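The structure appears right after this line, and notes come after that.
Remember, predicted model here, so these are calculated numbers, not experimental data. Protein chains get the first letters and strands the later ones, always in sequence-line order, with residue 1 at the start of each.
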Amino acid sequence: METLMVDRIHSSLRLFMHRNAIFLCERLCAQFPSETNLQLLATCYLHNNQPYAAYHILKGKKLPESRYLFAMSCFRMNLLREAEDTLCPVNEPNIESSIQVPSGATGNYLLGVIYRCTGRMSAAAEQFTQALTVDPLLWAAYEELCILGVAEDADECFSEATALRLQQEHASTSALEKSNFANENRILSSSLPSSLGDIIPKQMKQLHANITAEVPGYHHVRGTALHVQNSTTSNIVQFDTPSPATAQTSSIVPPPLFRNVHAYQNTISVDAPAKQKANGANQPLRRKYLDEARLKKVSGRLFNQSSESLPRRSARLSRDTTINSNSNISQFGGNGTDHSSGKLRVNSSTPSKLCSTAIRSVQVRKGKPRATENFDEGSRNEVIDEMWTDNEPATSSSVTTDGRFFEQDKAERIMSQDSKLAVGIRELLGLLRLLGEGFRLSCLFKCQEALEVFRKLPEPQFNTGWVLCQVGKAYFELVDYLEADHYFELAHRLSPCTLDGMDIYSTVLYHLNAEMRLSYLAQELISIDRLSPQAWCAVGNCFALRKDHETALKNFQRAVQLDSRFAYAHTLCGHEYSALEDYENSLKFYQCALQVDERHYNAWYGLGVVYLRQEKFEFAEHHFRRAFQINPRSSVLMCYLGMALHSLKRNEEALEMMEKAIAADKKNPLPKYQKALILLGLQKYTEALEELERLKEIAPHESSMYALMGKIYKQLNILDKAVFCFGIALDLKPPAADLAIIKAAMEKVHLPDELMDDDL
Amino acid sequence: MESDAEEETSATPTAGRLKGSPELTVDADMREMAKTAAWSVSSCKAGNGVAALRDDNLDTYWQSDGAQPHLVNIQFQKKVQLQLVVLYVDFKLDESYTPSKISIRAGDGFHNLKEIKTVELAKPVGWVHISLSGADPRETFIHTFMLQIAVLSNHLNGRDTHVRQIKIFGPRPNPVPRQPFHFISREFITYSTIR
């Protein structure tokens with residue numbers, strides 16, 4: 001009865017029947033109280049968004065999986081201290097994370113996130129690196145490292161050596177595959193992306209005992225492929241399944257997956273189950289077959305992408321894989337589109353990506369390895385199955401079914417399986433390498449290089465929400481707003497539910513003064529997800545564009561409330577306070593943003609501006625310099641740094657900085673203008689004039705430029721030109737404050753010099 | 001510009017009296033300046049105090065309760081540039097409580113206020129825009145620490161006065177710090193800040 005219940009619970013979870021699952025699980029725990037059942041119940045609660053319930057039942061439990069689930073519940077409830085203590089007990093010497101930290105790589109990842117949220121960046125970086133070592137396909141860990149600015153080259157992380165390692169691990173596992181048929185079946189399914197839902201519950205159920213005993217092979221397979229180290233997860237439930245035959249037949253509903261014949265394995269059909277069906281009678285043979293098939297399937301699945309493979313799960317478990325995978329993904333994604341939430345970035349990207357890409361293809365862009373472990377908590381990904389291939393045609397779903405499998409020699413299969421595995425691993429790593437390198441470079445603001453790397457991606461991968469948003473972001477950092485606009489628009493069109501980069505997109509539209517489009521975007525985002533901070537940031541930007549700073553502020557504050565770990569919302573609040581001249585509050589908000597993400601150069605910049613206005617030039621220079629150190633390519637930052645230096649009267653350095661800014665971006669008129677200002681201050685009138693003449697070509701309709709020229713001519717006593725320039729400046733309709741100054745200046749042209757004031 | 005309102009001469013026999021308009025029209029390059037200022041009044045009736053002048057609600061009003069002239073004092077935290085004062089009054093509702101002659105004074109504090117403008121109103125209904133600019137372009141703004149709006153007399157010789165809302169406008173600060181002039185062209189504005 002126990003196994004039956006467990007099975008039903010898993011399938012309920014898989015199909016999002018949370019209340020059903022919880023009910024059955026509670027009955028299960030009452031009837032067969034055991035820690036593994038409690039874990040299953042906790043998973044059900046976590047799926048149902050009741051982390052407090054999971055917290056309550058798992059409090060004090062010691063098994064690694066329980067600790068992991070408990071930590072996850074604590075994290076969801078924002079009890080970071082407890083979560084940390086559970087994952088990394090204070091009094092136990094932290095020898096080896098794989099032992100100490102439950103759930104292996106994902107445990108390290110969670111611990112890393114907790115460290116980051118509590119401000120311990122180096123410890124966080126350590127944990128993420130550890131997670132990556134344990135499981136090189138754990139993209140989220142690499143992503144976090146990039147954000148912290150300490151990621152090593154993607155080539156290192158996703159290198160040949162890693163490929164070999166993965167391969168070896170996998171290979172060794174396959175040798176052991178002789179485990180319980182049922183388990184394997186399950187396992188396989190779990191490995192299938194779609195099966196995620198399925199498997200996880202099962203796995204959860206199971207638990208340690210079974211793991212090693214049962215399907216060592218499977219476990220390994222999964223583990224190696226994904227480095228899923230969670231022992232629990234590997235426990236494929238040890239279902240006391242009724243005779244294998246039954247299981248088999250039932251499970252055999254071969255999913256149609258195999259259509260996808262990707263390069264990976266044509267012969268090895270994942271459809272072992274299918275085959276099995278065919279061979280109903282031959283149990284032992286089938287079992288072996290299954291093992292292999294599963295193995296292949298697993299590997300195939302891991303490395304191939306095919307929607308087909310997804311559904312592979314055994315009939316019993318088979319469900320609509322796509323649904324599962326999708327659901328899994330979205331589940332993982334943490335409730336929908338809001339990936340940006342600081343919480344578990346774990347799958348943040350994936351869900352969105354998944355949504356955008358064809359569901360069928362389990363194309364995990366980021367290769368989420370998290371797989372089973374995460375599953376434990378229900379929310380994590382199922383990754384395992386995300387396979388992902390670089391090129392569609394290239395990989396074949398291992399699932400290519402075909403009866404031939406049966407006929408093949410087992411050894412042969414294993415070998416070809418291995419080679420396919422190798423190919424698959426390499427492909428996956430290749431893709432991850434590109435994406436990782438691109439992301440790393442863009443986090444280090446080496447935008448040009450990042451763009452080049454991203455361009456190397458194959459078409460289908462490139463044309464997905466995440467990549468396009470990254471490309472847009474890179475252009476944004478390069479202050480090329482038109483290109484950024486283009487890419488963001490494309491991204492939004494291709495995957496309207498990706499909210500991740502939309503806050504930057506709204507800023508791009510703000511800079512381009514595209515009021516209509518910005519308000520349209522904001523409305524759209526709100527209608528997609530009212531609870532996402534990006535949507536409110538877009539709305540706020542709309543109001544800010546119209547200079548209604550108070551309403552903008554209100555909206556940004558809403559965004560902050562929705563997710564206090566979203567640094568950009570804090571920065572935008574700071575900008576609005578600054579516009580309202582409430583400098584105290586703006587400082588506060590900029591500092592909040594920096595607490596969340598120290599490498600958020602916009603906040604450093606904001607602080608610099610406030611200090612500049614308050615005439616605390618030393619502070620201003622310091623903060624601009626910090627921003628500049630983080631993003632050394634931004635010509636605007638260089639310009640501001642130069643302005644601060646000029647205010648400090650360090651004119652030589654200021655001029656140098658302006659030269660750099662001019663060189664960095666020819667289209668930016670501001671550094672040239674500032675250079676002219678500095679030269680004016682140094683009384684180098686002719687050079688200043690030259691600069692302004694050059695500037696005229698770029699920005700012919702700028703009244704401030706003519707006004708400045710007028711001033712310089714006045715200094716040089718070329719009065720007719722001065723009046724002429726002032727006249728042009730007036731014609732260009734400057735705002736009232738400038739009008740007054742310019743008119744006054746015009747009248748004073750014929751008077752002696754003492755009134756050339758109002759300048760800096 | 002707002003000064004046009006002053007030249008309004010409709011049906012009233014005396015030219016130059018302000019009538020008030022139903023809309024509050026202010027240039028985009030101006031903004032409300034007195035949110036962080038200290039507001040006080042010379043006298044008020046209970047329940048109709050100074051807060052009614054700033055609550056953005058045209059149904060609530062300040063009612064004075066003493067001798068004329070009735071004063072509204074606005075003290076800023078630092079010297080500011082001001083350009084426009086706008087009051088909302090309604091003759092139809094307030095009749096003899098509606099101000100008819102208003103004097104605006106500016107200075108550093110109570111001790112050195114100097115009158116800068118006087119206006120007369122003729123049965124005004126709506127927003128009355130009072131520009132503080134002089135004729136000279138150099139005098140577009142007044143730089144002051146304090147502004148005082150004095151109601152010297154009311155319509156129909158009423159003793160006390162009702163004013164429903166007061167707003168003070170000045171120029172927007174330059175979004176780019178430490179610049180002599182504002183930027184107006186797209187090219188400059190796009191590159192002028194980081195958001």
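- Of the two parts of L637(A), the backbone and the side chain both hold a non-hydrogen atom closer than 4.5 Å to a non-hydrogen atom of chain B.
- Between E615(A) and R178(B), at least one side-chain nitrogen of the basic residue sits less than 4.0 Å from a carboxylate oxygen of the acidic one, meeting the salt-bridge criterion.
- Both the backbone and the side chain of S703(A) have a heavy atom closer than 4.5 Å to some heavy atom of chain B.
- Atom OH of Y191(B) and atom CG of L670(A) lie 11.0 Å apart (nearest 0.5 Å).
- Side chain of E702(A) to backbone of I184(B): a donor-acceptor contact under 3.5 angstrom is found.
- Contact of D665(A) with chain B is made through the side chain alone, with heavy-atom distances under 4.5 Å.
- Distance check, rounded to the nearest 0.5 Å: OG1 of T190(B) to CG of L482(A) gives 8.5 Å.
- If you tally non-hydrogen atom pairs under 4.5 Å between each of L580(A), N541(A), V609(A), L739(A) and chain B, the highest count goes to N541(A).
- Note on ring orientation: taking the six-membered ring where Trp is involved, the planes of Y673(A) and F183(B) are perpendicular (angle over 60°, cut-offs 30° and 60°).
- Between V176(B) and Y640(A) the shortest heavy-atom distance is CG1-OH, 3.6 Å.
- For the atom pair CD1 (I741(A)) and OG1 (T140(B)), the distance works out to 9.5 Å, reported to the nearest 0.5 Å.
- Only the side chain of F141(B) comes within less than 4.5 Å of a heavy atom of chain A; its backbone N, CA, C and O stay farther away.
- Only the backbone of I698(A) comes within less than 4.5 Å of a heavy atom in chain B; its side chain stays farther off.
- With contacts defined as side-chain heavy-atom distances shorter than 4.5 Å, the pair P180(B)/L677(A) qualifies.
- Proximity to chain B (any heavy atom under 4.5 Å) is restricted, for H575(A), to the side chain, taken from C-beta onward.
- A distance-only check finds a donor-acceptor pair linking the side chain of D29(B) to the backbone of A736(A) [under 3.5 Å].
- Residue contact with chain A, scored on non-hydrogen atoms closer than 4.5 Å, involves the backbone and the side chain of T193(B) alike.
- Proximity of E550(A) to K35(B): side-chain heavy atoms (C-beta onward) are separated by under 4.5 Å at one or more points.
- Residues H182(B) and P734(A) form no side-chain contact, since every pair of their non-hydrogen atoms from C-beta on lies 4.5 Å or further apart.
- A distance of 9.5 Å separates NZ in K672(A) from CZ in F188(B), rounded to the nearest 0.5 Å.
- Chain A forms more heavy-atom pairs under 4.5 Å with one residue of S185(B), G170(B), P175(B) than with any other, namely S185(B).
- Of the atoms belonging to E477(A), not a single heavy atom falls under 4.5 Å from chain B.
- Heavy-atom distances place both the backbone and the side chain of R195(B) under 4.5 Å from chain A.
- K667(A) is not listed as a side-chain neighbour of E187(B), based on a closest heavy-atom distance of 4.5 Å or more.
- A heavy-atom distance below 4.5 Å is not found between the side chains of P735(A) and R172(B).
- Heavy atoms closer than 4.5 Å to chain B are found in the side chain of S634(A), but not in its backbone.
- Heavy atoms of F617(A) lying under 4.5 Å from chain B belong exclusively to its side chain.
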